[in-house]
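Just so it is clear, the model here is predicted, and its values are computed rather than measured.
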Amino acid sequence: DALATTNGGEGLPWWMTAKMQEIAALVPDCPSCTPFDSYIASPQHPLELAVPDWLQETLEMFGADIQPVRTLDAENPWLAYSVGGNAGHPRYMNVGNVNMRANNNDVAWNHGTLP
């Protein structure tokens, strides 16, 4: 969450998380690592809540209001500025992708969303 521009934050360079995504299933001594693990947001890896379903359900039973990931542009929301998307440089995804901005600390965290 908010680890790099490719998932809405700052910090690691976009190419580092792109490489992490590329080798997600090849991590030595990690039998549970798969290509479905997400290190970037893209059409193949849409932004999701970091809270597991079972924990979200438990928290909601106790009255917590867990907000969903918001999308303002419903047509392929994670394409703009995504790695390999050819729709803007990935280093600008955190500010260029309108859907990412709707889920970063400027907007969503103020409303309780924890992507």
Side-chain angles (χ1 to χ4, degrees):
D1 174 47
L3 181 66
T5 61
T6 52
N7 62 4
E10 296 180 9
L12 296 178
W14 73 270
W15 50 265
M16 185 178 287
T17 51
K19 186 65 173 181
M20 291 167 63
Q21 189 64 60
E22 181 184 325
I23 63 170
L26 305 174
V27 179
D29 300 319
C30 182
S32 64
C33 294
T34 74
F36 302 108
D37 296 336
S38 292
Y39 297 98
I40 61 173
S42 69
Q44 297 78 24
H45 297 275
L47 188 68
E48 297 177 346
L49 292 179
V51 179
D53 290 340
W54 65 267
L55 181 55
Q56 181 177 342
E57 292 169 7
T58 303
L59 292 170
E60 288 173 344
M61 282 179 13
F62 288 101
D65 183 24
I66 307 295
Q67 297 294 309
V69 170
R70 292 177 171 83
T71 55
L72 303 176
D73 175 15
E75 186 178 327
N76 211 350
W78 308 112
L79 176 62
Y81 300 94
S82 65
V83 172
N86 297 320
H89 198 290
R91 71 177 173 214
Y92 299 124
M93 186 167 200
N94 60 340
V95 293
N97 184 298
V98 68
N99 298 296
M100 193 62 77
R101 287 196 323 264
N103 291 285
N104 70 15
N105 63 349
D106 294 334
V107 179
W109 291 355
N110 291 326
H111 297 337
T113 302
L114 299 170

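Side-chain contact between W14 and I40 is absent, with no heavy atoms from C-beta onward closer than 4.5 Å. Looking only at side-chain heavy atoms (C-beta outward), P43 and N76 come within less than 4.5 Å of each other.
Note on V83: it clusters hydrophobically with M16, by side-chain heavy-atom contacts below 4.5 Å among ILVMFWY residues. M93 and V98 fall into different hydrophobic clusters, where Ile, Leu, Val, Met, Phe, Trp and Tyr are joined by side-chain heavy atoms under 4.5 Å apart, directly or via other members. With hydrophobic clusters built from ILVMFWY side chains whose heavy atoms lie under 4.5 angstrom apart, V69 shares a cluster with W54.
For the atom pair CD (E60) and CD (Q56), the distance works out to 4.5 Å, reported to the nearest 0.5 Å. Distance check, rounded to the nearest 0.5 Å: CD of Q44 to CG of L79 gives 9.0 Å. The OH atom of Y81 sits 13.0 Å away from atom CG of N86, with the distance rounded to the nearest 0.5 Å. Residue S32 holds its OG atom at 7.0 Å from CG of D37, rounded to the nearest 0.5 Å. With rounding to the nearest 0.5 Å, the separation of OG in S82 from NE2 in H45 is 10.5 Å.
For A41 against L47, the heavy-atom pair with the smallest separation is CB-N, 4.4 Å. Among all heavy-atom pairs drawn from A24 and C33, the shortest one is O-CB, 3.2 Å.
Formation of a donor-acceptor pair under 3.5 Å by the N99 side chain with backbone atoms of W78 is not found in this model.
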